[in-house]
Amino acid sequence: MKAVKLNEMNKLELENKLSDNLEALQNLRFQQALQQLEDGTMISKTKREIAQIRTVLNEFKLEIRKQKGL
């Protein structure tokens, strides 16, 4: 996901996306353990996106970033 899209999302959308990505990461790890994973780079891409979302959420928490419309 592009950083521009993360900047456009509000806190609730980011939290939903984070939970979806954490679930997807778990599924990818199961597939890897069963040797069914076709694209091995998907794990690193998902982990990177999780880190980006957590960074934005932390900026909201520290009030570095303000929610739009409030």
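Computed over heavy atoms, backbone and side chain alike; hydrogens, waters and symmetry mates excluded.
L57 pairs with exactly one of K17, Q52, K11 by the side-chain contact (heavy atoms from CB on, under 4.5 Å) rule, that one being K11.
Remark: R65 CZ to E63 CD distance equals 13.5 Å, nearest 0.5 Å. The line from CE of M42 to NZ of K45 is 6.5 Å long, rounded to the nearest 0.5 Å.
The two atoms that bring I53 and L14 nearest to each other are CG2-O, 3.5 Å, heavy atoms only.
A heavy-atom distance below 4.5 Å is found between the side chains of I43 and K47. When side chains are defined from C-beta on, L6 does not count as touching T55, because their heavy atoms never get closer than 4.5 Å.
A donor-acceptor contact shorter than 3.5 Å is absent between the side chain of E15 and the backbone of L12.
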Compile the donor-acceptor pairs under 3.5 Å between side chains in residues 20-32 and protein atoms, sequence neighbours left out, one pair per line.
{"residue": "N21", "atom": "ND2", "partner": "E49", "partner atom": "OE2", "Å": "3.0"}
{"residue": "N27", "atom": "ND2", "partner": "E23", "partner atom": "O", "Å": "3.4"}

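In this structure, L34 stands alone, with no Ile, Leu, Val, Met, Phe, Trp or Tyr side-chain heavy atom under 4.5 Å from its own, directly or through other members.
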